[in-house]
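Only this structure's heavy atoms are used, side chains among them; waters, hydrogens and symmetry mates stay out. For reference, positions follow the sequence shown, starting with 1. Start at 1 and go down the list; that is how both ligands and their atoms are numbered.
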Amino acid sequence: MATILDGVAAGGGIAIAPVYRLGESRFTVKAKYTDHVNHEVSRLHDSFSLARRELEDLHRRAHQKMGEKAATVIDAQLAIAKDQTFESEIVDAIQRYSTTAAWTASQRIDHYLTIFKNQSASQGNYYHSRGVALQDFKKRLLAHLLDEELPDLGKLDHRAIIVAHQLTPTDIIQLNPQLVAGIVTDVGGRAAHFLVMSKEMRFPTVVDTKVVTERAATDMVAIIDGTHGRVILQPTPQQIDDYQRKASQQSAHLRELGVLKNQETVSADGHHFEVAANLALARESDELATSGAEGVGLFRSEFLFLHQKNLPDEESQFWAYRKVLLAAGNQRVVIRTLDVGGDKQLPQVPIEHEHNPFLGMRGLRVSLAYPELFRTQLRALLRASAYGRLAIMFPMVATVDEFRRAQQMVDQEKKHLIQEGIPVGQEYEVGAMIEIPAAVAMADQLAQYADFFSIGTNDLIQYLFAVDRGNEHVASLYQSLHPAVLRAVKQTIDCAHAEGKWIGMCGEMATIPAAVPLLAAMGLDEFSVPLGQILPIRSQIRRLKVRQLQPLIHHALAAHSPAEVRALVDQLTSYMK
Ligand code: PEP
Ligand code: MG
């Protein structure tokens, strides 16, 4: 009998393959006291140095296989392995209490895990990530101290669906991508770190099934549907046939979409839109041409700054921005200025401990507080503007005053560069991200100064509902299709248009199939989405009849719940599918 499990859809596509179930490594530390303190201390040092070597090797492999962004996920663990103070703290405890290395290390790590757990409950993602890294490091260190083996996914020798309670970033790196048909886990959460990497590798993935490890066994055949979040264990021949058919329809659809690359994004009734790319690394701009992107709607410049020993100087920033502008040719590139703070900490910028980092020094506030840092970035951007169509965008704008101050700094740096005889583009734009409710409320005034807006729904929704975007306990309140969000979006679009300015959306809402018709009918000019979503969104827009959808807006704004909104969209778009 087939078993059907529903979880959270975390990656596209269908996979049919045998299961490879990964056991949980629960190491038991038996011996508490020792008579051989020196021996235990040297075991500890050896295990730390083995862990360091393994992590350095994993870091190299991650970099080769998946690039810089994936490799940075290992950095957090490597930093723990290299933390001399932490290592000495454990040595001191071993010497003081004559306890074994395994027992002492385990106690110290658990102590910090409790602190991170409490901090993450009150301060969100940053501490959650540190906790995940430390937990992963604990397994590695204990495996060495207890002479146990870590489950090695590198040993997988046939194509399989990986089933695990939870995966870590290091597990993903050990995988041979050719052999991974898909991934299913018991636990999940949209912000889980391994997900960032499994998305990069485009594995069909379903998370948060709660019980998959209880129900699945190695070699059992399974189907996973990463688009709809469904897992079928021991499927019937009929189910296998059905899903094989769906899988070949999906690949045929993707091939068909390729045709759209050279066509404009025009709705069935002649309305023009742009579908641009969200990028985090300059290197990703190599994929612009093949992705079908109409420019870049969000370049998250902070990835040039994060996980670096030194802050990037003007010259290295200039080359990175120039690369993206050249890759985009005559299409627009929106580069967002440094957006750190919250869960993206930049150790080189001293920000005092904050009780609510998401409500503290984030985005433009950091740039205004550290003008030299900001001016360096602005100079690099302005110099790069001579090589393409640049749009500079400020993140986390809360007030008109902040926007004006930042805009004036752009003007001043432009003047300095011209005085120095350095070329600056003639036609760059300066715009604001709308992701704080106060900016929505003041959008009419902001639109008088900004050349454009881009709505950052990832943050806007968290601030509208007061729900931490990374906290799974309040995830049910994070509702992109809620009328509260639609009202804020509509108001912002209307304010931009009233001043004759263009407006885009670079938050995840722009990728939600049920939101796209609403956004198109509200008049959003640009959808900025991850590279892999560009063609599907362009294809969806080409089937829409925007004029017929416009009456829907009034009803959607008057709805009470996301479910009502979804039903309205379904009703009006069913014939456009
Ligand atoms: C957003 O907030 O919607 C956004 C696009 O920015 P980030 O997710 O980087 O905060
Ligand atoms: Mg944001």
Side-chain angles (χ1 to χ4, degrees), residues 69 72 124-126 128-129 189-193 195-196 199 275-281 284 293 295-307 333-346 356-367 391-398 402-403 406 431-440 443 452-471 475 478-482 484-486 488-489 492-493 503-512 515 519 524 526-531 533-534 537:
K69 203 162 47 173
T72 58
N125 249 348
Y126 172 61
H128 176 72
S129 320
R190 245 176 297 179
H193 267 85
L195 272 185
V196 176
K199 278 186 186 167
V275 182
N278 285 355
L279 303 183
L281 301 170
E284 288 173 345
V296 176
L298 170 66
F299 178 78
R300 291 179 156 101
S301 73
E302 58 275 11
F303 282 92
L304 291 170
F305 293 71
L306 296 170
H307 307 290
V333 174
V334 180
I335 301 189
R336 169 170 86 181
T337 57
L338 188 64
D339 187 14
V340 289
D343 61 344
K344 288 179 279 190
Q345 298 292 329
L346 198 57
N356 286 308
F358 275 97
L359 302 181
M361 291 295 283
R362 274 196 77 189
L364 185 59
R365 301 166 189 185
V366 175
S367 294
I392 300 174
M393 176 162 78
F394 306 133
M396 296 287 294
V397 173
E402 275 176 326
F403 183 81
M433 254 185 108
I434 305 294
E435 50 186 342
I436 295 182
V440 174
F452 68 93
F453 285 160
S454 183
I455 309 177
T457 49
N458 305 345
D459 277 309
L460 182 58
I461 297 170
Q462 88 161 339
Y463 294 127
L464 272 177
F465 288 100
V467 339
D468 179 341
R469 60 194 259 186
N471 183 338
Y478 191 97
Q479 307 166 90
S480 308
L481 283 181
H482 195 285
V485 178
L486 302 181
V489 168
T492 313
I493 294 176
I503 174 161
M505 177 178 285
C506 55
E508 296 244 336
M509 185 178 175
T511 66
I512 299 176
L519 298 170
L524 188 79
E526 179 232 43
F527 294 71
S528 191
V529 301
L531 285 166
Q533 309 260 15
I534 287 170
I537 302 287

What do we get for Asp459 next to ligand 1 when only non-hydrogen atoms under 4.0 Å count, side chain, backbone, both or neither? both
For Phe358 and Asn356, run side-chain contact (heavy atoms from CB on, under 4.5 Å): C-alpha distance rounded to whole Å, both residues' side-chain angles, the deciding distance at 0.1 Å, then the answer. CA-CA 5 Å; Phe358 275 97; Asn356 286 308; over 6 Å; no
Is the Mg ion (ligand 2) less than 2.8 Å from an N/O/S atom of Asp459, whether that atom is in the backbone or a side chain? yes
Report, in ascending order of atom number, the atoms of ligand 1 lying under 4.0 Å from any heavy atom of Met433. 1 (C), 4 (C), 5 (C), 6 (O)
Heavy-atom nearest pair, Leu464 first then Val485, reads CD1-CA, 4.0 Å
Considering only heavy atoms, does Arg336 approach ligand 1 within less than 4.0 Å through its side chain, its backbone, both, or neither? side chain
Mind checking whether Glu508 has a heavy atom under 4.0 Å from ligand 1? no
Spacing of CD1 belonging to Ile434 relative to OG1 belonging to Thr457, to within rounding of 0.5 Å: 12.5 Å
What atoms of ligand 1 come within less than 4.0 Å of a heavy atom belonging to Cys506? 5 (C)
Give yes or no for whether the N/O distance cutoff of 3.5 Å, strictly under, is met between Arg300 and ligand 1. yes
Output for pair (Arg336 CZ, Ile392 CD1), nearest 0.5 Å, gives 14.5 Å
Provide the closest heavy-atom pair for Ala443 versus Phe453 in the form atom of the first, atom of the second, distance. O-CZ, 3.6 Å
Return the CG to CG distance between Asp459 and Asp339, rounded to the nearest 0.5 Å. 7.0 Å
In Å and rounded to the nearest 0.5 Å, what is the CE to CG distance from Met509 to Leu460? 9.0 Å
Considering the heavy atoms of Glu435, write down every atom of ligand 1 situated less than 4.0 Å from one of them. 1 (C), 2 (O)
Can you name the N/O/S atom of Glu435 that is nearest the Mg ion (ligand 2)? OE1
